[in-house]
Amino acid sequence: KPPGRARPGSRLSQSNRSYDIIYYSRDAAPRRDQDKSDTKMNRILLLASDRLHRERLADWLSARYDVLFADGSEVPPLAFDLAIVDSGALVQHGEWLKARKDDEFPVLLPVLFLGTSEELSQQVPQKYWLAIDEILSEDAEQIEVQFRLGNLFRTRHATLELQLEHERLLYTSKAVESISDGIIIA
């Protein structure tokens, strides 16, 4: 059965906790609202407990991004650039998300919590709170979701660029150092 369309203002609550592995690809049509930063990194790992809400979100997000799902307790071994989680998924995958964020450091691997701060504080152990970079209400308008995702992708891209520049500077510094060592010896 194909996923339903997400509507502006639709609520995304949680009920069951099963996961399916589904890969949604962006269509090949050009998007006029897509900016340069979105084209560089666009893979979202969607960890939402409720199947219907996952499908609605994936349907809406897949028009602009590649969307990956977890399969039960297993998360796909594929790379992603941003994760969207709800309280059930954060409880189930919190340790894994923290480890992935640590592996990516100093590059930001953003995690967007779908729910309220009350849900976070009441349903999720405090040790997983540090994995969250943003909180987004389930009844947020699509324009707010677009802005939040855009900001998180731009921040990730900026940290990736800084990391690459840092590596280039280290390489250049070592090259200059080896050249100056050669000059001193001669």
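Nearest heavy atom pair, residue Leu120 against residue Phe113, reads CB-CE2, 3.9 Å. Contact between Leu82 and Phe80 at its shortest, heavy atoms only, is O-CD1, 3.5 Å. The two residues Asn42 and Asp81 have their closest heavy-atom pair at N-OD2, 3.3 Å. Counting all heavy atoms, side chain and backbone alike, Gln163 lies closest to Val107 at CB-CG2, 3.8 Å. Ser49 approaches Ala89 most closely through the heavy-atom pair OG-N, 3.4 Å. Closest heavy-atom contact between Arg154 and Phe147: NH2-O, 4.4 Å.
Using a 4.5 Å heavy-atom cutoff, the side chains of Val91 and Pro125 are in contact. Side-chain contact between Asp66 and Leu61 is absent, with no heavy atoms from C-beta onward closer than 4.5 Å. With a 4.5 Å cut-off on side-chain heavy atoms, Leu112 and Ile44 do not count as touching.
Linking Ile, Leu, Val, Met, Phe, Trp and Tyr residues whenever their side-chain heavy atoms come within less than 4.5 Å places Val145 and Phe153 in a single cluster. Residue Trp96 is grouped with residue Leu78 when hydrophobic side chains (ILVMFWY) are merged at heavy-atom distances under 4.5 angstrom, including chains of intermediate members. By the criterion of side-chain heavy atoms lying less than 4.5 angstrom apart, applied directly or through intervening Ile, Leu, Val, Met, Phe, Trp or Tyr residues, Val85 is not grouped with Leu108; the two fall into different hydrophobic clusters. Linking ILVMFWY side-chain heavy atoms closer than 4.5 Å, directly or via other members, places Leu68 and Val111 in a single hydrophobic cluster.
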Next on the checklist: Quick one, Trp60 with Val67, criterion side chain to side chain contact (heavy atoms under 4.5 Å, CB included). Give me CA distance, side-chain angles, the key distance, then yes/no.
Outcome noted: CA-CA 10 Å; Trp60 182 75; Val67 180; over 6 Å; no
Next on the checklist: One pair to check against side chain to side chain contact (heavy atoms under 4.5 Å, CB included): Leu136 and Glu144. What are the steps and the verdict?
Outcome noted: CA-CA 9 Å; Leu136 184 68; Glu144 182 179 359; 3.8 Å; yes
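Both tests do not hold together for Arg43 against Tyr65: distance to the six-membered ring centre under 6.0 Å, angle to the ring axis within 45°.
Salt bridge present: Glu165 and Arg168 bring a charged side-chain N and a carboxylate O closer than 4.0 Å.
How far CG of Leu114 is from CD1 of Ile132: 10.5 Å, rounded to the nearest 0.5 Å. Within the model, atoms CG of Asp86 and CG of Leu57 stand 9.5 Å from one another, a figure rounded to the nearest 0.5 Å. Here CD of Glu55 is found 6.5 Å from CG of Leu52. Values are rounded to the nearest 0.5 Å. Remark: Ser117 OG to Trp129 CH2 distance equals 9.5 Å, nearest 0.5 Å. Interatomic distance, Leu109 CG to Asp103 CG, rounded to the nearest 0.5 Å: 9.5 Å. Atoms CZ and CG, from Arg156 and Asp133 in turn, are 11.0 Å apart once rounded to the nearest 0.5 Å.
One N or O on the side chain of Arg148 and one on the backbone of Ile135 form a donor-acceptor pair closer than 3.5 Å. A donor-acceptor pair is defined here as one N or O able to donate and one able to accept, closer than 3.5 Å; such a pair exists between the side chain of Lys98 and the backbone of Lys127. Between the Gln122 side chain and the Glu119 main chain, no donor and acceptor come within less than 3.5 Å of each other.
Taking a 6.0 Å sphere around CD of Gln126, one finds it holds 12 or fewer heavy atoms contributed by other residues, nucleotides or ligands.
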